[in-house]
Number of protein chains: 4
Amino acid sequence: MTQAGIAPAARREKIPSEMRALVKERREPGATLTRAPVPEPGPSEVLVRVEAASVCGTDLHIERWDRWAEENFGPTPLVFGHEMAGIVVALGTGVTNVEIGQRVAAETHLVDWTCYQCRTGRAHVCQSLRILGVHVQGTFAEYAVLPATNAWVSDGLPAEVAALQEPLGNAVHAAFVEEIAGQSVAVLGCGPIGLMAIAVARFAGASRIFATDVNPERLALARTMGADLQIDATADVATVIREATDGNGVDVVLEMSGAGPALHQGLAAVANGGRVSLLGTHSRPVTLDLSEQIIFKALRIYGITGRRMFETWYRTSALLREGLDLSPIITHRLPLSRYAEAFDLVASGHAGKVVLLPQEDGR
Amino acid sequence: MTQAGIAPAARREKIPSEMRALVKERREPGATLTRAPVPEPGPSEVLVRVEAASVCGTDLHIERWDRWAEENFGPTPLVFGHEMAGIVVALGTGVTNVEIGQRVAAETHLVDWTCYQCRTGRAHVCQSLRILGVHVQGTFAEYAVLPATNAWVSDGLPAEVAALQEPLGNAVHAAFVEEIAGQSVAVLGCGPIGLMAIAVARFAGASRIFATDVNPERLALARTMGADLQIDATADVATVIREATDGNGVDVVLEMSGAGPALHQGLAAVANGGRVSLLGTHSRPVTLDLSEQIIFKALRIYGITGRRMFETWYRTSALLREGLDLSPIITHRLPLSRYAEAFDLVASGHAGKVVLLPQEDGR
Amino acid sequence: MTQAGIAPAARREKIPSEMRALVKERREPGATLTRAPVPEPGPSEVLVRVEAASVCGTDLHIERWDRWAEENFGPTPLVFGHEMAGIVVALGTGVTNVEIGQRVAAETHLVDWTCYQCRTGRAHVCQSLRILGVHVQGTFAEYAVLPATNAWVSDGLPAEVAALQEPLGNAVHAAFVEEIAGQSVAVLGCGPIGLMAIAVARFAGASRIFATDVNPERLALARTMGADLQIDATADVATVIREATDGNGVDVVLEMSGAGPALHQGLAAVANGGRVSLLGTHSRPVTLDLSEQIIFKALRIYGITGRRMFETWYRTSALLREGLDLSPIITHRLPLSRYAEAFDLVASGHAGKVVLLPQEDGR
Amino acid sequence: MTQAGIAPAARREKIPSEMRALVKERREPGATLTRAPVPEPGPSEVLVRVEAASVCGTDLHIERWDRWAEENFGPTPLVFGHEMAGIVVALGTGVTNVEIGQRVAAETHLVDWTCYQCRTGRAHVCQSLRILGVHVQGTFAEYAVLPATNAWVSDGLPAEVAALQEPLGNAVHAAFVEEIAGQSVAVLGCGPIGLMAIAVARFAGASRIFATDVNPERLALARTMGADLQIDATADVATVIREATDGNGVDVVLEMSGAGPALHQGLAAVANGGRVSLLGTHSRPVTLDLSEQIIFKALRIYGITGRRMFETWYRTSALLREGLDLSPIITHRLPLSRYAEAFDLVASGHAGKVVLLPQEDGR
């Protein structure tokens, strides 16, 4: 055994010793496409040749280096990126749940499986949570290492769709925290996860679906994904929704924007006794009249982060297998070397999902 | 006020004093189309001009007069029939929730609203439950009286679809007792409610849907309604399902047949930790190995009867409004006078849903 | 029939034509003990001779006349007070669920039973909600009228305990929105409902119970009711709780204080994946970091108002019948004429529950 | 490293090479107390010095060798026994969640953590489930090996109580599958787990608790554990329970007997819309009228096996820590050498729980 932890017999494809990787080298704006050693899988880990790595808003925070990045990212230098799919090319010792040659996607929450939360079905909020590409080496690279437990076998899905299961899982988690069939839904914020949530709600039999955003391009995509009514977020959203729901308001609000005003609209638009999933990351504090906005309306508010491990993944895969179509959301595919363009696209708001393809550059 | 309990000002259409009605006159096989006085709504009741009254398996039991009928029906003489839709033509005193001229469907469970079950969200199993057309005057007639609370406003739906909300509600109740999106489902028995359950599961994002029946015509309808795989119920159903689900079995079984062998198949086909909705009425006892079939598999078994009042109705209406299509299930429409043909069709197994139209005969 | 709506045969005790009642006559601080006609029960209503009427914080708002009162109370003049128990002395027409001579308590939420919420098990947030003693004639009087549906038969309970079922129901609702047995619980705010929540959590098998307040008298009562650890609310509550729970934090937070700082403590003290019931009325806005405090912790936040009608009442009655002891909370019993003293006691924070006894004054 | 998989530095107490163990040597009645090598913990396993090993009904099946044993036990020779507590004396490689010197109890379900059920919160019905002392070496011995994941740290509990957490977990699982506070409960069958269920229900605030058994000694213990009414199981149980519950029936049935007639009583005694936990192992088929007994009553039937891993363990430990008292159930403590007497006691029905103490014999 020349490399610790890798069973040689399991190797089937030639793995180079070096790879290209997008690295955050210093705690400041920017990123560097550089050469780095191909990592080796330790016990219970797998090495994946990355086929597709989509850009998340988090990656933009890291690239642009805002307060969130300052407080959360590191240590540097670190390969970032986390939404991904690829082919398993090597197994560490003790791996039995995946095989070389399988396409896998990454559950990006690395957890300890021993804390209270992990032992009670809430691993996504593990007390020792680390996130791929934020706290440990990520996936904007030709190769990446994952715990085998986090490798979700996705044979049969195209790589770029497989990679999207991670953010789609966020949307599924937010939408299905309670039943959604036959329920009216407002999706606030039509970024990629908001658009996915619209598609999921439509696929799962929601009744009326309302979508809000300030961006007309995104509202047009919302219609494509299945929204019944698109509402400019600068309008009187709650009144529009109440009028369209016999005055009841919506049963379900999916807050995907992270914008305080959107949340206020959602709390005004939701029916008494309804529910609100909070998924969008709020970078600023929000001031609420808890009595009028939540308590006297008997609302249920759900903080949504990550995906249930792995109920959400089974659910998500099943929806894709049955025909849930995310293709309108994938607006751009770029080789890894064009990362700068990718970040600019995401920052511009004129893109849906942007997918980086680490294997597509000439070597 | 010439008729007790009717506010004269609210009358808008001329109501005759007599009507044609299908009556069970004696506790023996058969039924009589006869003339009867148009009933008058008491306090908190409404009078409905019946537009569509579909035939339920229960009606066949009553017409053919089997043991179930002997034990449950009466007193005679009684108009039977209960699945219906029609136009409100008169209001008893104190009615505020419906208006003359509205199309309504009937929630057929008449309940006391004061017992433990009614006061805790389980009115469908009221301790004083009476059923329209079984214990009180039913709806195979030109006019029928309902408690206003049981009149479900259905403006915008065609009458025959509005009438089907009652059995559709059974299917919705059975399917949605837990979440179904992304879950694999076996529907056992493809009579009308089974077919509706397939449509509902498909509409609400179920993953694989398996359908079983002994009747090839019904299996063909199952495919039309959205089943992925139709299985002859005389085959080794559990093995077929397990092979098609990576050996896991299905997450959800909807037992709609009332046949003991189907239930055994379902218990063998369901995944460990899965759930089974029992809706089909079992006329014979079923012998179970509780330990192997239920306990060691950690199953959840739900007895499903009626509809949740009125969560299920809101859910059901919403699905229809969003496009759930039951039209392939309605195979026959007949004037009330052709009731005998209708019962024979239902008995033959060569029909989906048969709808009687009480207003369609010449007077 | 000399009085509209009352069945004369049902009268068993002599009902005077006038009564003493505590009335808010003008939209300003104060209250007036005056003589008023004994009200008559309309259809589906009952007349109750009030035996015990406890003072709620809401009553103090009304008496002192703060912003909440200005925005919510009226019209004047109005008898206020709502927590009560008494003897049914007359029935309006159509009442079948209670009998003359029974002791009843009042569910104080008057609802329409026809709106979306009422028809889907959430009557406590009815769209036409009116509250006894806030929007309609209340119970600080010798007699009061209730909808029969709102009269909860409480034979076997002492009147003052029966009256406390209404606020106890709030506590039960907050505590039991999810299971509490074996869960660690922090009760923030040890006013009467907080104290009741401690008692309920203890009775229902909660594991560690933490109680916070700024008032040492209330913390002493918290211990009496079953708290394991009392924490001065000016201390570093979250750290104390985390240290006492192996660093996990508590499973359940019951926010009963309506104080923003308490909520912040609760959100810091609750375990990832835990739940928070918001019951205390917040008179001021609260500013939250939704991402850190709710979303990344995957919390469930429940707005709690009123009681589930009537699941909570059955639950509440059952707990009292099995021995749940509220007697330490009832610190003062006063005749109605000493209402001013009662309000001062409540305002002082040196009282638990203060019960007014409308029948105890000389006439 | 002289023993594969054991970190030498972690060893603190001298471990002999041989131990006494109770072995099923042949597939026939009986058991043999013999000398066997002390097992060695493999990777991710721990070695435990067994302090207490209580006798389960399953052990009696194995010792007496009935049909269940024939179909499930093996391979032979095998140490049997599974309910246990002891001190960790050696760690296999990679163990981080327990330490040498800690007292642990055993979760007896050995699972693969990779199947559908294990990855969706239902490990207790793992597709590759093996049970300690049934399929792999058990705990009626001086030492036993466990997967570290299955070792539940129980410092602070006496060994015999720690051992009882496993069956107590069954009772907790059955009782808490839905909320139980304020609910009326019938516990059918007062063997050890039934008695524990009574204690749990009482501790968690159940309202009326009914207990049935044919054995007066057990009924007396049921009273000790907190039952309100003990009913001879040969009486008309359902009528007695209905009369004691205002005709409603009980909210919850916990079927702990495995006896068909008890289940029939339970189904007759449970309220419409109530729930039934099936835990007792039924060795014979049971014939049910599904329509009348389950469907038309809208019951929820839960198959209960094992414990939720590890929600139930947290819950169970918390209840014990808060004072749940099982001591009346432990009627006998015997050294391992008196195993034959232990089995006879269990078989006689004149014992509660019998605990074997493997360290108590002279060496």
Side-chain angles (χ1 to χ4, degrees), chain A residues 97 121 153 155-156 165 168-169 171-185 197-210 226-229 244-246 248-252 271 273-274 307-308 310-325, chain B residues 97 121 153 155-156 165 168-169 171-185 197-210 226-229 244-246 248-252 271 273-274 307-308 310-325:
Chain A
N97 65 317
V153 176
D155 291 331
Q165 289 176 100
L168 176 58
V172 167
H173 188 183
F176 290 176
V177 66
E178 293 184 16
E179 237 181 329
I180 202 159
Q183 303 275 292
S184 56
V185 181
I198 292 167
V200 163
R202 174 54 69 229
F203 199 81
S207 60
R208 299 276 290 169
I209 301 177
F210 304 90
D228 294 292
L229 189 61
T245 52
D246 303 328
N248 287 328
V250 282
D251 298 306
V252 178
R307 294 141 299 279
R308 297 193 78 88
F310 287 91
E311 290 89 341
T312 306
W313 284 87
Y314 283 101
R315 195 66 61 97
T316 300
S317 295
L319 296 176
L320 289 170
R321 229 171 23 236
E322 284 301 306
L324 178 71
D325 180 14
Chain B
N97 65 317
V153 176
D155 291 330
Q165 289 176 103
L168 176 58
V172 167
H173 188 183
F176 289 176
V177 66
E178 294 183 16
E179 236 181 330
I180 202 160
Q183 302 276 293
S184 55
V185 181
I198 292 167
V200 164
R202 175 53 70 228
F203 198 80
S207 60
R208 299 275 291 169
I209 302 178
F210 303 91
D228 294 293
L229 188 61
T245 52
D246 303 327
N248 287 328
V250 282
D251 298 306
V252 178
R307 292 141 300 278
R308 297 193 79 88
F310 286 89
E311 291 87 340
T312 305
W313 283 88
Y314 282 101
R315 196 65 63 97
T316 300
S317 295
L319 296 176
L320 289 170
R321 228 169 24 233
E322 284 300 306
L324 178 71
D325 180 15

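Quick note on labels: first sequence line is chain A, next is B, and so on, each numbered from 1. Heavy-atom basis, side chains included; hydrogens, waters and symmetry copies ignored.
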_Quick check on the interface: out of A:R202, A:R208, A:E322, who has the most heavy-atom pairs with chain B under 4.5 Å?_
A:E322

*Non-hydrogen atoms of chain B under 4.5 Å away: do they reach the side chain of A:A175, the backbone, both or neither?*
neither

*asked:* Regarding A:E179 and B:R315, does a basic nitrogen lie under 4.0 Å from an acidic carboxylate oxygen?
replied: yes

_Region of B:D228 in contact with chain A, defined by heavy-atom distances below 4.5 Å_ = side chain

*Do we see a donor-acceptor contact under 3.5 Å between the side chains of B:S317 and B:Q165?*
yes

*Quick one: pull up OH in B:Y314 and CG in A:D251 and give me the separation to the nearest 0.5 Å.*
10.5 Å

*Full working for side-chain contact (heavy atoms from CB on, under 4.5 Å) between A:T316 and A:L324*: CA-CA 9 Å; A:T316 300; A:L324 178 71; over 6 Å; no

